[in-house]
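Following: one structure in C-alpha coordinates, then a few remarks.
Letters A, B, ... mirror the listed sequences (proteins, then strands); counts begin at 1. All values below were derived from every heavy atom in this structure, side-chain atoms included, with hydrogens, water molecules and symmetry-related copies excluded.
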There are 2 protein chains.
Amino acid sequence: MPRNAARTSRRDDSLSRDRIVDVAIALLDRDGEDGLTFRALSEELATGAGAIYWHVASKSELLTAACDAVVARTLDALAASGEPTTAIRTLALALFDMIDRHPWIGSALTQAPGQQPTVRILERLGQPLLALGVPIKRQWPTVFALMSYVLGVAGQNAANAQLARRTQGGAGRAAFIDALATAWSQLDPAAWPFTRGIAAQFRTHDDRADFLAGVDLILAGIASTPVPARGRVAR
Amino acid sequence: MPRNAARTSRRDDSLSRDRIVDVAIALLDRDGEDGLTFRALSEELATGAGAIYWHVASKSELLTAACDAVVARTLDALAASGEPTTAIRTLALALFDMIDRHPWIGSALTQAPGQQPTVRILERLGQPLLALGVPIKRQWPTVFALMSYVLGVAGQNAANAQLARRTQGGAGRAAFIDALATAWSQLDPAAWPFTRGIAAQFRTHDDRADFLAGVDLILAGIASTPVPARGRVAR
DNA sequence: ACCTGAACACCGTTCAAGT
DNA sequence: ACCTGAACACCGTTCAAGT
(Lines give C-alpha, C1' and ligand atoms only; values in the text may rest on other atoms or scores of the structure.)
Protein backbone atom coordinates (compact mmCIF):
# COMPACT_ATOMS: atom_id res chain seq x y z
CA MET A 1 0.00 0.00 0.00
CA PRO A 2 2.07 2.96 -1.25
CA ARG A 3 0.46 5.69 0.78
CA ASN A 4 2.76 8.65 0.30
CA ALA A 5 4.70 7.35 -2.68
CA ALA A 6 4.23 8.26 -6.30
CA ARG A 7 3.30 11.84 -5.71
CA THR A 8 5.41 13.66 -8.24
CA SER A 9 6.56 10.77 -10.42
CA ARG A 10 4.41 7.93 -11.63
CA ARG A 11 7.32 5.47 -11.59
CA ASP A 12 7.39 3.38 -8.39
CA ASP A 13 11.09 2.55 -8.63
CA SER A 14 12.46 6.07 -8.46
CA LEU A 15 14.57 6.71 -5.39
CA SER A 16 12.77 8.79 -2.79
CA ARG A 17 12.81 9.18 0.96
CA ASP A 18 9.47 7.40 1.22
CA ARG A 19 10.72 4.42 -0.75
CA ILE A 20 13.90 4.22 1.32
CA VAL A 21 11.82 4.22 4.50
CA ASP A 22 9.52 1.51 3.12
CA VAL A 23 12.45 -0.73 2.19
CA ALA A 24 14.04 -0.06 5.58
CA ILE A 25 10.86 -1.24 7.31
CA ALA A 26 10.82 -4.38 5.17
CA LEU A 27 14.46 -5.14 6.04
CA LEU A 28 13.88 -4.52 9.74
CA ASP A 29 10.83 -6.76 9.75
CA ARG A 30 12.61 -9.53 7.88
CA ASP A 31 16.04 -9.54 9.48
CA GLY A 32 15.62 -7.66 12.73
CA GLU A 33 17.51 -4.65 13.96
CA ASP A 34 20.84 -5.82 12.55
CA GLY A 35 19.19 -6.30 9.16
CA LEU A 36 19.09 -2.57 8.49
CA THR A 37 22.38 -1.90 6.76
CA PHE A 38 23.33 0.62 4.15
CA ARG A 39 24.78 -2.21 2.11
CA ALA A 40 21.58 -4.27 2.26
CA LEU A 41 19.63 -1.11 1.56
CA SER A 42 21.83 -0.30 -1.44
CA GLU A 43 21.37 -3.75 -2.89
CA GLU A 44 17.61 -3.77 -2.38
CA LEU A 45 17.33 -0.33 -3.95
CA ALA A 46 19.87 -1.12 -6.67
CA THR A 47 21.96 1.96 -5.96
CA GLY A 48 25.01 3.11 -4.02
CA ALA A 49 25.28 4.04 -0.36
CA GLY A 50 25.88 7.66 -1.24
CA ALA A 51 22.55 7.93 -3.03
CA ILE A 52 20.75 6.99 0.17
CA TYR A 53 22.71 9.56 2.13
CA TRP A 54 21.44 12.22 -0.20
CA HIS A 55 17.87 11.55 0.99
CA VAL A 56 18.60 10.62 4.60
CA ALA A 57 21.02 12.18 7.09
CA SER A 58 22.08 9.11 9.05
CA LYS A 59 21.11 5.63 10.05
CA SER A 60 19.50 6.77 13.28
CA GLU A 61 17.39 9.32 11.42
CA LEU A 62 16.27 6.57 9.06
CA LEU A 63 15.40 4.30 11.97
CA THR A 64 13.30 7.02 13.59
CA ALA A 65 11.56 7.72 10.29
CA ALA A 66 10.76 4.02 9.84
CA CYS A 67 9.47 3.91 13.38
CA ASP A 68 7.31 6.96 12.89
CA ALA A 69 5.79 5.61 9.70
CA VAL A 70 4.65 2.41 11.42
CA VAL A 71 3.36 4.27 14.48
CA ALA A 72 1.42 6.73 12.33
CA ARG A 73 -0.19 3.93 10.31
CA THR A 74 -1.12 2.01 13.45
CA LEU A 75 -2.72 5.01 15.13
CA ASP A 76 -4.51 6.05 11.95
CA ALA A 77 -6.05 2.60 11.64
CA LEU A 78 -7.42 2.86 15.18
CA ALA A 79 -10.96 4.15 15.53
CA ALA A 80 -11.46 6.54 18.43
CA SER A 81 -13.65 4.63 20.88
CA GLY A 82 -15.96 6.48 23.25
CA GLU A 83 -15.35 5.49 26.84
CA PRO A 84 -11.96 6.82 28.03
CA THR A 85 -10.92 3.68 29.93
CA THR A 86 -11.83 1.49 26.96
CA ALA A 87 -9.97 3.84 24.63
CA ILE A 88 -6.80 3.55 26.70
CA ARG A 89 -7.04 -0.24 26.92
CA THR A 90 -7.65 -0.56 23.17
CA LEU A 91 -4.80 1.80 22.34
CA ALA A 92 -2.44 0.01 24.73
CA LEU A 93 -3.21 -3.35 23.15
CA ALA A 94 -2.78 -1.94 19.65
CA LEU A 95 0.67 -0.63 20.59
CA PHE A 96 1.56 -3.93 22.21
CA ASP A 97 0.60 -5.84 19.07
CA MET A 98 2.38 -3.34 16.83
CA ILE A 99 5.65 -3.79 18.72
CA ASP A 100 5.13 -7.53 18.78
CA ARG A 101 4.86 -7.51 15.00
CA HIS A 102 7.77 -5.08 14.53
CA PRO A 103 10.13 -5.87 17.44
CA TRP A 104 12.71 -3.30 16.34
CA ILE A 105 10.24 -0.52 17.17
CA GLY A 106 10.78 -1.10 20.86
CA SER A 107 14.37 0.05 20.86
CA ALA A 108 13.80 2.59 18.09
CA LEU A 109 11.30 4.42 20.31
CA THR A 110 13.76 4.43 23.20
CA GLN A 111 16.44 6.00 21.03
CA ALA A 112 14.25 8.89 19.90
CA PRO A 113 12.67 10.42 23.00
CA GLY A 114 10.47 13.44 22.46
CA GLN A 115 10.52 12.87 18.70
CA GLN A 116 7.53 12.58 16.41
CA PRO A 117 6.58 8.94 17.12
CA THR A 118 6.62 9.46 20.88
CA VAL A 119 4.54 12.60 20.66
CA ARG A 120 1.92 10.84 18.55
CA ILE A 121 1.56 8.17 21.24
CA LEU A 122 1.56 10.76 24.02
CA GLU A 123 -1.29 12.63 22.39
CA ARG A 124 -3.45 9.57 21.85
CA LEU A 125 -2.89 8.28 25.37
CA GLY A 126 -3.48 11.73 26.80
CA GLN A 127 -6.80 12.65 25.23
CA PRO A 128 -8.75 10.03 27.22
CA LEU A 129 -7.06 11.30 30.39
CA LEU A 130 -8.65 14.69 29.75
CA ALA A 131 -12.01 12.94 29.47
CA LEU A 132 -11.32 11.18 32.77
CA GLY A 133 -10.89 14.57 34.42
CA VAL A 134 -7.26 14.21 35.44
CA PRO A 135 -6.28 17.67 36.75
CA ILE A 136 -3.73 19.69 34.78
CA LYS A 137 -0.98 19.30 37.36
CA ARG A 138 -1.20 15.52 37.22
CA GLN A 139 -1.57 15.16 33.45
CA TRP A 140 2.10 14.95 32.55
CA PRO A 141 3.11 12.52 35.31
CA THR A 142 0.10 10.36 34.48
CA VAL A 143 0.65 10.04 30.71
CA PHE A 144 4.30 9.61 31.36
CA ALA A 145 3.64 6.68 33.70
CA LEU A 146 1.16 5.17 31.28
CA MET A 147 3.36 5.56 28.23
CA SER A 148 6.47 4.35 30.02
CA TYR A 149 4.65 1.26 31.18
CA VAL A 150 3.17 0.49 27.76
CA LEU A 151 6.37 1.01 25.80
CA GLY A 152 8.49 -0.62 28.51
CA VAL A 153 6.48 -3.83 28.69
CA ALA A 154 5.86 -4.07 24.96
CA GLY A 155 9.53 -3.48 24.23
CA GLN A 156 10.63 -6.02 26.81
CA ASN A 157 8.15 -8.54 25.44
CA ALA A 158 9.49 -8.07 21.93
CA ALA A 159 13.10 -8.36 23.14
CA ASN A 160 12.18 -11.61 24.90
CA ALA A 161 10.63 -13.03 21.77
CA GLN A 162 13.66 -12.11 19.69
CA LEU A 163 16.08 -13.57 22.21
CA ALA A 164 14.04 -16.77 22.36
CA ARG A 165 14.18 -17.00 18.59
CA ARG A 166 17.96 -16.56 18.59
CA THR A 167 19.01 -18.78 21.50
CA GLN A 168 16.81 -21.80 20.88
CA GLY A 169 17.13 -23.81 17.71
CA GLY A 170 13.62 -22.85 16.75
CA ALA A 171 11.64 -24.18 19.68
CA GLY A 172 10.95 -20.52 20.31
CA ARG A 173 9.22 -18.68 23.05
CA ALA A 174 7.45 -21.59 24.75
CA ALA A 175 10.72 -23.47 25.29
CA PHE A 176 12.38 -20.27 26.50
CA ILE A 177 9.69 -19.63 29.11
CA ASP A 178 9.76 -23.27 30.15
CA ALA A 179 13.54 -23.24 30.64
CA LEU A 180 13.31 -20.09 32.75
CA ALA A 181 10.44 -21.45 34.85
CA THR A 182 12.38 -24.65 35.47
CA ALA A 183 15.49 -22.72 36.50
CA TRP A 184 13.44 -20.58 38.89
CA SER A 185 11.71 -23.61 40.40
CA GLN A 186 15.12 -25.00 41.36
CA LEU A 187 16.30 -21.87 43.19
CA ASP A 188 16.97 -22.01 46.91
CA PRO A 189 13.72 -20.89 48.60
CA ALA A 190 15.67 -19.40 51.50
CA ALA A 191 17.57 -16.98 49.23
CA TRP A 192 14.94 -16.50 46.51
CA PRO A 193 11.54 -16.96 48.19
CA PHE A 194 9.60 -14.79 45.77
CA THR A 195 11.09 -15.93 42.48
CA ARG A 196 10.91 -19.56 43.61
CA GLY A 197 7.27 -19.01 44.54
CA ILE A 198 6.10 -17.60 41.22
CA ALA A 199 7.89 -20.14 39.01
CA ALA A 200 4.78 -22.25 38.46
CA GLN A 201 2.53 -19.25 37.77
CA PHE A 202 5.16 -17.87 35.44
CA ARG A 203 5.25 -21.06 33.36
CA THR A 204 1.61 -20.72 32.35
CA HIS A 205 1.31 -16.94 32.18
CA ASP A 206 -0.15 -15.02 29.25
CA ASP A 207 1.92 -12.04 28.09
CA ARG A 208 -0.93 -10.07 26.62
CA ALA A 209 -3.24 -10.64 29.59
CA ASP A 210 -0.51 -9.65 32.07
CA PHE A 211 0.25 -6.55 30.06
CA LEU A 212 -3.41 -5.55 30.19
CA ALA A 213 -3.55 -6.34 33.92
CA GLY A 214 -0.77 -3.79 34.43
CA VAL A 215 -2.66 -1.19 32.41
CA ASP A 216 -5.68 -1.86 34.61
CA LEU A 217 -3.50 -1.46 37.69
CA ILE A 218 -2.47 2.01 36.55
CA LEU A 219 -6.05 2.89 35.57
CA ALA A 220 -7.21 1.75 39.01
CA GLY A 221 -4.53 3.94 40.54
CA ILE A 222 -5.73 6.93 38.51
CA ALA A 223 -9.34 6.30 39.54
CA SER A 224 -8.45 5.98 43.23
CA THR A 225 -6.30 9.11 43.33
CA PRO A 226 -8.26 12.03 44.83
CA VAL A 227 -8.84 14.91 42.45
CA PRO A 228 -7.11 17.73 44.42
CA ALA A 229 -3.95 15.65 45.02
CA ARG A 230 -1.54 18.23 46.39
CA GLY A 231 0.43 16.09 48.82
CA ARG A 232 1.18 12.38 48.84
CA VAL A 233 -1.09 9.84 47.20
CA ALA A 234 -3.76 8.71 49.62
CA ARG A 235 -4.43 5.15 50.82
CA MET B 1 36.83 -1.10 45.97
CA PRO B 2 38.10 -4.44 44.65
CA ARG B 3 35.45 -6.67 46.13
CA ASN B 4 35.89 -9.96 44.30
CA ALA B 5 39.37 -9.37 42.98
CA ALA B 6 42.63 -10.70 44.38
CA ARG B 7 41.29 -14.01 45.56
CA THR B 8 43.85 -16.47 44.27
CA SER B 9 46.64 -14.12 43.31
CA ARG B 10 47.85 -11.16 45.30
CA ARG B 11 48.78 -9.21 42.18
CA ASP B 12 46.05 -6.77 41.14
CA ASP B 13 47.20 -6.55 37.52
CA SER B 14 46.77 -10.21 36.56
CA LEU B 15 44.12 -10.74 33.90
CA SER B 16 40.94 -12.20 35.31
CA ARG B 17 37.26 -12.15 34.50
CA ASP B 18 36.60 -9.87 37.46
CA ARG B 19 39.19 -7.37 36.35
CA ILE B 20 37.87 -7.38 32.80
CA VAL B 21 34.37 -6.68 34.11
CA ASP B 22 35.63 -3.86 36.31
CA VAL B 23 37.46 -2.20 33.43
CA ALA B 24 34.40 -2.69 31.21
CA ILE B 25 32.26 -0.85 33.77
CA ALA B 26 34.79 1.99 33.92
CA LEU B 27 34.80 2.30 30.12
CA LEU B 28 31.00 2.22 29.94
CA ASP B 29 30.70 4.87 32.63
CA ARG B 30 33.30 7.10 31.00
CA ASP B 31 32.44 6.81 27.30
CA GLY B 32 28.92 5.40 27.23
CA GLU B 33 27.67 2.32 25.48
CA ASP B 34 29.88 2.83 22.43
CA GLY B 35 32.89 3.12 24.69
CA LEU B 36 32.98 -0.60 25.39
CA THR B 37 35.22 -1.93 22.65
CA PHE B 38 37.56 -4.87 22.60
CA ARG B 39 40.25 -2.55 21.34
CA ALA B 40 39.77 -0.04 24.15
CA LEU B 41 39.60 -2.95 26.57
CA SER B 42 42.83 -4.42 25.19
CA GLU B 43 44.63 -1.14 25.54
CA GLU B 44 43.40 -0.52 29.07
CA LEU B 45 44.35 -4.05 30.09
CA ALA B 46 47.63 -3.96 28.14
CA THR B 47 46.90 -7.19 26.31
CA GLY B 48 45.46 -8.54 23.05
CA ALA B 49 41.83 -9.05 22.11
CA GLY B 50 42.28 -12.82 22.13
CA ALA B 51 43.29 -12.80 25.78
CA ILE B 52 39.97 -11.22 26.71
CA TYR B 53 38.07 -13.78 24.68
CA TRP B 54 39.68 -16.51 26.73
CA HIS B 55 37.90 -15.19 29.85
CA VAL B 56 34.69 -13.96 28.25
CA ALA B 57 32.53 -15.54 25.56
CA SER B 58 31.30 -12.44 23.73
CA LYS B 59 30.66 -8.75 24.04
CA SER B 60 27.04 -9.25 25.03
CA GLU B 61 28.03 -11.67 27.79
CA LEU B 62 30.50 -9.09 29.06
CA LEU B 63 27.85 -6.38 29.00
CA THR B 64 25.46 -8.54 30.99
CA ALA B 65 28.20 -9.38 33.50
CA ALA B 66 29.03 -5.69 33.92
CA CYS B 67 25.34 -4.94 34.39
CA ASP B 68 24.93 -7.69 36.95
CA ALA B 69 27.93 -6.53 38.96
CA VAL B 70 26.50 -3.01 39.31
CA VAL B 71 23.00 -4.27 40.09
CA ALA B 72 24.32 -6.66 42.73
CA ARG B 73 26.38 -3.92 44.40
CA THR B 74 23.43 -1.52 44.38
CA LEU B 75 21.03 -4.03 45.91
CA ASP B 76 23.60 -5.17 48.49
CA ALA B 77 24.10 -1.61 49.62
CA LEU B 78 20.37 -1.22 50.21
CA ALA B 79 19.12 -1.95 53.70
CA ALA B 80 15.87 -3.90 53.83
CA SER B 81 13.34 -1.43 55.19
CA GLY B 82 10.31 -2.62 57.12
CA GLU B 83 7.10 -1.31 55.66
CA PRO B 84 6.42 -2.98 52.25
CA THR B 85 5.25 0.16 50.48
CA THR B 86 8.26 2.10 51.75
CA ALA B 87 10.55 -0.73 50.73
CA ILE B 88 9.22 -0.66 47.17
CA ARG B 89 9.52 3.12 46.92
CA THR B 90 13.07 3.07 48.30
CA LEU B 91 14.10 0.27 45.98
CA ALA B 92 12.52 1.94 42.96
CA LEU B 93 14.39 5.17 43.67
CA ALA B 94 17.66 3.31 44.17
CA LEU B 95 17.25 1.64 40.78
CA PHE B 96 16.34 4.96 39.18
CA ASP B 97 19.48 6.59 40.57
CA MET B 98 21.63 3.61 39.62
CA ILE B 99 20.53 3.80 35.99
CA ASP B 100 20.91 7.57 36.05
CA ARG B 101 24.51 7.13 37.15
CA HIS B 102 25.20 4.27 34.72
CA PRO B 103 22.97 5.04 31.70
CA TRP B 104 24.19 2.00 29.74
CA ILE B 105 22.48 -0.27 32.28
CA GLY B 106 19.09 0.67 30.90
CA SER B 107 19.65 -0.99 27.54
CA ALA B 108 21.85 -3.73 28.99
CA LEU B 109 18.94 -4.90 31.14
CA THR B 110 16.62 -4.92 28.14
CA GLN B 111 19.03 -7.09 26.20
CA ALA B 112 19.27 -9.75 28.90
CA PRO B 113 15.71 -10.66 29.93
CA GLY B 114 15.37 -13.37 32.53
CA GLN B 115 19.11 -13.25 33.25
CA GLN B 116 20.76 -12.81 36.62
CA PRO B 117 20.42 -9.02 36.94
CA THR B 118 16.70 -9.09 36.14
CA VAL B 119 16.03 -11.91 38.58
CA ARG B 120 17.81 -10.03 41.35
CA ILE B 121 15.52 -7.06 40.82
CA LEU B 122 12.44 -9.27 40.50
CA GLU B 123 13.18 -10.88 43.82
CA ARG B 124 13.71 -7.63 45.68
CA LEU B 125 10.59 -6.03 44.22
CA GLY B 126 8.59 -9.19 44.88
CA GLN B 127 9.31 -9.77 48.55
CA PRO B 128 7.38 -6.67 49.70
CA LEU B 129 4.46 -7.81 47.53
CA LEU B 130 4.27 -10.99 49.60
CA ALA B 131 4.12 -8.82 52.71
CA LEU B 132 1.31 -6.81 51.12
CA GLY B 133 -0.67 -10.02 50.74
CA VAL B 134 -0.90 -10.05 46.95
CA PRO B 135 -2.45 -13.44 46.12
CA ILE B 136 -0.32 -16.02 44.31
CA LYS B 137 -2.21 -15.75 41.04
CA ARG B 138 -1.58 -12.02 40.84
CA GLN B 139 2.04 -12.04 41.99
CA TRP B 140 3.69 -12.47 38.59
CA PRO B 141 1.54 -9.91 36.73
CA THR B 142 2.05 -7.46 39.58
CA VAL B 143 5.87 -7.66 39.83
CA PHE B 144 6.06 -7.69 36.10
CA ALA B 145 4.09 -4.46 35.89
CA LEU B 146 6.13 -2.88 38.65
CA MET B 147 9.49 -3.94 37.23
CA SER B 148 8.56 -2.97 33.68
CA TYR B 149 7.52 0.45 34.84
CA VAL B 150 10.63 1.02 36.93
CA LEU B 151 13.12 -0.18 34.32
CA GLY B 152 11.16 1.42 31.48
CA VAL B 153 11.05 4.89 33.00
CA ALA B 154 14.57 4.78 34.39
CA GLY B 155 15.94 3.58 31.07
CA GLN B 156 14.03 6.23 29.16
CA ASN B 157 15.21 8.90 31.55
CA ALA B 158 18.82 7.83 31.07
CA ALA B 159 18.41 7.74 27.29
CA ASN B 160 16.99 11.27 27.41
CA ALA B 161 19.92 12.53 29.42
CA GLN B 162 22.42 10.94 27.04
CA LEU B 163 20.66 12.31 23.99
CA ALA B 164 20.55 15.76 25.56
CA ARG B 165 24.28 15.52 26.21
CA ARG B 166 24.97 14.55 22.59
CA THR B 167 22.68 16.91 20.69
CA GLN B 168 23.27 20.12 22.60
CA GLY B 169 26.70 21.63 22.74
CA GLY B 170 26.80 21.14 26.47
CA ALA B 171 23.75 23.05 27.59
CA GLY B 172 22.46 19.65 28.55
CA ARG B 173 19.19 18.42 29.85
CA ALA B 174 17.60 21.73 30.84
CA ALA B 175 18.01 23.16 27.34
CA PHE B 176 16.70 19.94 25.84
CA ILE B 177 13.55 20.00 27.96
CA ASP B 178 13.09 23.67 27.22
CA ALA B 179 13.36 23.17 23.47
CA LEU B 180 10.81 20.36 23.60
CA ALA B 181 8.40 22.35 25.75
CA THR B 182 8.65 25.29 23.38
CA ALA B 183 8.00 23.05 20.36
CA TRP B 184 4.96 21.56 22.07
CA SER B 185 3.60 24.93 23.07
CA GLN B 186 3.56 25.93 19.40
CA LEU B 187 1.56 22.91 18.22
CA ASP B 188 -1.88 23.37 16.73
CA PRO B 189 -4.34 22.96 19.66
CA ALA B 190 -6.97 21.51 17.31
CA ALA B 191 -4.76 18.62 16.25
CA TRP B 192 -2.71 18.21 19.45
CA PRO B 193 -4.95 19.33 22.31
CA PHE B 194 -3.32 17.20 24.97
CA THR B 195 0.35 17.73 24.11
CA ARG B 196 -0.27 21.44 23.63
CA GLY B 197 -1.97 21.55 27.01
CA ILE B 198 0.80 19.95 29.03
CA ALA B 199 3.68 21.91 27.48
CA ALA B 200 3.88 24.38 30.37
CA GLN B 201 3.68 21.68 33.04
CA PHE B 202 6.27 19.67 31.17
CA ARG B 203 8.74 22.53 31.16
CA THR B 204 8.95 22.62 34.94
CA HIS B 205 8.50 18.93 35.70
CA ASP B 206 10.76 16.89 37.99
CA ASP B 207 11.88 13.55 36.58
CA ARG B 208 12.44 11.86 39.89
CA ALA B 209 9.20 13.09 41.41
CA ASP B 210 7.19 12.03 38.36
CA PHE B 211 8.84 8.64 38.42
CA LEU B 212 7.83 8.20 42.04
CA ALA B 213 4.30 9.41 41.28
CA GLY B 214 4.00 6.56 38.78
CA VAL B 215 5.19 4.05 41.35
CA ASP B 216 2.57 5.41 43.72
CA LEU B 217 -0.05 5.07 40.99
CA ILE B 218 0.75 1.36 40.65
CA LEU B 219 0.86 0.92 44.42
CA ALA B 220 -2.54 2.60 44.67
CA GLY B 221 -3.81 0.23 42.01
CA ILE B 222 -2.52 -2.77 43.96
CA ALA B 223 -4.14 -1.50 47.12
CA SER B 224 -7.49 -0.88 45.45
CA THR B 225 -7.65 -4.27 43.72
CA PRO B 226 -9.92 -6.67 45.64
CA VAL B 227 -8.14 -9.69 47.07
CA PRO B 228 -10.08 -12.50 45.32
CA ALA B 229 -9.72 -10.92 41.84
CA ARG B 230 -10.88 -13.73 39.60
CA GLY B 231 -12.56 -11.72 36.84
CA ARG B 232 -11.83 -8.24 35.55
CA VAL B 233 -10.35 -5.59 37.75
CA ALA B 234 -13.09 -3.80 39.63
CA ARG B 235 -14.00 -0.10 39.40
C1' DA C 1 20.00 18.11 -8.60
C1' DC C 2 20.94 13.58 -8.04
C1' DC C 3 23.64 9.36 -8.29
C1' DT C 4 28.02 6.17 -8.27
C1' DG C 5 31.20 3.35 -5.88
C1' DA C 6 35.70 3.29 -4.07
C1' DA C 7 37.92 4.55 0.19
C1' DC C 8 38.32 5.56 5.27
C1' DA C 9 38.17 4.52 9.88
C1' DC C 10 36.33 1.72 12.46
C1' DC C 11 33.91 -2.78 14.55
C1' DG C 12 33.47 -8.08 16.90
C1' DT C 13 35.52 -12.33 16.44
C1' DT C 14 38.83 -16.00 15.11
C1' DC C 15 43.00 -18.46 15.11
C1' DA C 16 47.68 -19.94 14.20
C1' DA C 17 51.49 -19.33 16.83
C1' DG C 18 53.79 -18.57 20.91
C1' DT C 19 54.97 -19.30 26.31
C1' DA D 1 46.57 -23.13 30.60
C1' DC D 2 46.89 -18.74 29.06
C1' DC D 3 48.35 -15.00 26.03
C1' DT D 4 49.72 -12.50 21.40
C1' DG D 5 48.46 -9.92 17.47
C1' DA D 6 47.60 -10.26 12.70
C1' DA D 7 43.72 -11.30 9.76
C1' DC D 8 38.73 -11.75 8.40
C1' DA D 9 34.38 -10.17 7.42
C1' DC D 10 31.94 -6.85 8.32
C1' DC D 11 30.08 -1.81 9.70
C1' DG D 12 28.50 3.74 8.96
C1' DT D 13 29.95 7.56 6.58
C1' DT D 14 32.43 10.51 3.21
C1' DC D 15 33.63 12.29 -1.13
C1' DA D 16 35.65 12.94 -5.65
C1' DA D 17 33.80 12.07 -9.85
C1' DG D 18 30.20 11.47 -12.89
C1' DT D 19 25.32 12.61 -15.29
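- Between R208(B) and D97(B) there is a salt bridge, since a side-chain N of the basic residue sits under 4.0 Å from a carboxylate O of the acidic one.
- In this structure, the nucleotide among dT13(C), dT14(D), dC2(D) sitting nearest to the side chain of A49(A) is dT14(D).
- In terms of modelled atom types and a separation under 3.5 Å, the side chain of E123(B) and the main chain of V119(B) share no donor-acceptor contact.
- Distances from the side chain of Y53(B) to the nucleotides dT13(D), dG12(C), dC3(C) place dG12(C) closest.
- Nucleotide dA16(D) is matched to dT4(C) when pairs are restricted to Watson-Crick or G-U wobble geometry with both distances under 3.5 angstrom.
- The main-chain N or O of A181(B) is never found under 3.5 Å from a side-chain atom of R203(B) such that the two would form a donor-acceptor pair.
- Within the 4.0 Å cut-off from OP1 or OP2 of dC11(C), at least one side-chain nitrogen or oxygen of R39(B) is found.
- For F144(A) and F211(B), the distance between ring centers is not under 6.0 angstrom.
- Picking from dC3(D), dT13(C), dC11(D) the nucleotide with the shortest atom distance to the side chain of L15(B) gives dC3(D).
- Of the candidate nucleotides dT13(C), dA1(D), dC3(C), dA1(D) has the atom nearest to the side chain of W54(B).
- Taking the P atoms as reference points, dA17(C) lies 22 Å from dC2(D), given to the whole Å.
- The side chain of A51(A) approaches dC3(C) more closely than any other nucleotide in the set dC11(D), dC3(C), dC3(D).
- In terms of position along DNA chain D, the nucleotide closest to L36(A) lies nearer the 5' end than the nucleotide closest to the other residue of the pair L36(A) and G50(A).
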